[in-house]
Amino acid sequence: MFALIENGQFVKIVNSNKGITIGDNQYPKSIYNLWSEDERNAIGIYEVQVDNTNKKEEAYYINTDISYSYANGVVTASYGTATPKPLDDVLFVEGDEIPDDKAVGDIKSYGLKGLEIAKIKTQAGGLLAPTDWYVIRYQEDNTKTIPTDVATYRNEIRAKSDEMESQINACTTVDELKTLFTWTQDEQGNITRPLVSFPEVI
């Protein structure tokens with residue numbers, strides 16, 4: 001990525017896939033890959049250095065637009081302070097424009113915790129689905145019992161889902177929630193995360 005600098009000020013980001021006109025001079029696109037840095041700088045074209053110090057994971061934060069600055073012969077692209085996404089769900093209240101299928105107190109938009117809990121519930125449902133037929137068969141013919149290992153497995157899935165939901169709901173900051181889902185490796189090579197995991201599929 002390159003920028004045009006004039007009179008010591010950032011002017012714009014330039015398209016390196018085509019030539020550029022600066023003042024009365026027209027330059028071919030080859031200046032971006034064939035010219036030396038000093039040659040480009042001499043006509044006001046500088047390669048942009050990206051500073052990601054303030055950039056945060058977009059799943060959890062809203063990053064600012066990139067801003068550009070020029071100082072000491074360097075063009076820097078940087079982000080401002082990221083804003084954490086809302087943790088809690090936003091509910092419809094009196095005065096909102098409420099869709100016909102919603103009411104006051106229903107979820108208007110999910111917060112991060114609500115989104116993660118919805119994923120957990122979907123995962124749990126997906127894990128339970130292959131053994132649902134045991135339950136359906138037992139409901140239709142109670143002489144066909146559910147195998148003990150299957151019943152235990154299904155109970156473990158529901159228990160772990162509830163435990164994960166409790167862990168998520170206990171988070172009071174975005175960083176706490178992010179940490180729950182962050183896998184780390186210890187000196188023995190064990191890879192773990194604070195959030196509990198579902199049992200192995202039987």
Side-chain angles (χ1 to χ4, degrees), residues 50-68 76-139 146-202:
V50 179
D51 178 3
N52 285 323
T53 303
N54 289 330
K55 185 178 182 182
K56 294 198 172 185
E57 193 171 343
E58 293 180 351
Y60 298 96
Y61 289 87
I62 300 170
N63 289 297
T64 66
D65 291 335
I66 295 176
S67 61
Y68 300 92
T76 303
S78 58
Y79 293 84
T81 302
T83 303
K85 290 184 177 179
L87 271 178
D88 299 310
D89 299 338
V90 176
L91 307 180
F92 283 107
V93 297
E94 291 289 351
D96 284 344
E97 186 174 334
I98 303 176
D100 292 339
D101 61 339
K102 300 292 182 181
V104 170
D106 286 345
I107 295 174
K108 183 177 184 180
S109 62
Y110 284 99
L112 290 176
K113 292 196 287 190
L115 290 171
E116 294 297 350
I117 288 171
K119 292 177 189 176
I120 296 299
K121 290 183 181 297
T122 298
Q123 286 178 305
L127 290 170
L128 289 169
T131 57
D132 281 347
W133 69 274
Y134 285 105
V135 178
I136 296 170
R137 183 185 67 175
Y138 178 71
Q139 290 172 339
I146 302 171
T148 300
D149 62 334
V150 172
T152 299
Y153 171 67
R154 291 174 64 86
N155 287 335
E156 287 179 351
I157 290 173
R158 288 189 287 268
K160 291 298 183 183
S161 179
D162 290 343
E163 187 176 352
M164 290 182 201
E165 185 170 342
S166 294
Q167 286 182 283
I168 291 169
N169 278 326
C171 292
T172 58
T173 68
V174 169
D175 283 341
E176 286 179 8
L177 182 65
K178 183 174 181 293
T179 299
L180 271 185
F181 290 88
T182 301
W183 295 91
T184 57
Q185 185 172 351
D186 62 21
E187 295 178 354
Q188 287 72 44
N190 300 310
I191 300 175
T192 60
R193 67 179 183 183
L195 187 74
V196 298
S197 299
F198 286 113
E200 293 290 330
V201 176
I202 63 173

Would you list the pairs meeting side chain to side chain donor-acceptor pair (under 3.5 Å) in which at least one residue belongs to residues 182-202, sequence neighbours left out?
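The answer is Asp186-Asn190.
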Not counting sequence neighbours, list each pair that qualifies as a side chain to side chain donor-acceptor pair (under 3.5 Å) and has a residue in residues 148-159.
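Residue pairs with at least one partner in residues 148-159: Thr131-Arg154, Asp132-Arg154, Asn155-Arg158.
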If you measure from [atom1] on [X] to [atom2] on [Y], what distance do you get to the nearest 0.5 Å?
X	Y	atom1	atom2	result
Thr122	Ile117	OG1	CD1	12.0 Å
Leu177	Leu195	CG	CG	9.0 Å
Gln167	Lys160	CD	NZ	9.0 Å
Ile146	Arg137	CD1	CZ	8.5 Å
Glu163	Ile168	CD	CD1	11.0 Å
Asp89	Leu112	CG	CG	10.0 Å

Which heavy-atom pair separates [X] from [Y] by the least distance, and what is that distance?
X	Y	value
Ile98	Ala103	CG2-N, 3.8 Å
Pro147	Tyr134	CD-CD2, 3.4 Å
Ala82	Pro84	O-CD, 3.9 Å

Could you tell me whether Phe92 atom CZ has more than 12 heavy atoms of other residues or ligands within 6.0 Å of it?
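Counting neighbours around CZ of Phe92, more than 12 heavy atoms of other residues, nucleotides or ligands fall under 6.0 Å, so yes.
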Tell me if the OH atom of Tyr138 is crowded by more than 12 foreign heavy atoms within 6.0 Å.
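It does not: Tyr138 OH has 12 such atoms or fewer within range.
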Would you say Ser166's side chain and Asp162's backbone share a donor-acceptor pair under 3.5 angstrom?
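Here the side-chain-to-backbone pair exists.
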Throw together a table of side-chain donor-acceptor distances under 3.5 angstrom for residues 53-60, partners on residues two or more places apart or in other chains.
residue	atom	partner	partner atom	Å
Thr53	OG1	Asp51	OD1	2.5
Asn54	ND2	Tyr79	O	2.9

Going by heavy atoms in the side chains, are Pro86 and Tyr110 under 4.5 Å from each other?
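The answer is no; the side chains never approach within 4.5 Å.
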With sequence neighbours excluded, tell me which residues meet side chain to side chain contact (heavy atoms under 4.5 Å, CB included) with Thr173.
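Side chain to side chain contact (heavy atoms under 4.5 Å, CB included) list for Thr173, sorted by chain: Asp175, Glu176.
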Partner residues of Asp101 under the side chain to side chain contact (heavy atoms under 4.5 Å, CB included) criterion, sequence neighbours left out:
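So Asp101 forms a side chain to side chain contact (heavy atoms under 4.5 Å, CB included) with Pro99.
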What's the verdict on side-chain contact (heavy atoms from CB on, under 4.5 Å) for Leu87 and Val174, showing C-alpha distance, side-chain angles and the deciding distance?
CA-CA 7 Å; Leu87 271 178; Val174 169; 4.2 Å; yes
Once ring pair (Phe, Tyr, Trp, His ring centres under 6.0 Å) is applied, do any residues pair with Tyr68, and if so which ones, sequence neighbours excluded?
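Tyr68 satisfies ring pair (Phe, Tyr, Trp, His ring centres under 6.0 Å) with Phe10 once adjacent residues are dropped.
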Once salt bridge (charged side-chain N to carboxylate O under 4.0 Å, His left out) is applied, what residue pairs with a partner in residues 103-123 remain, sequence neighbours excluded?
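Of all non-adjacent pairs touching residues 103-123, those that pass salt bridge (charged side-chain N to carboxylate O under 4.0 Å, His left out) are Asp88-Lys113, Asp96-Lys108, Glu116-Lys119, Lys121-Glu165.
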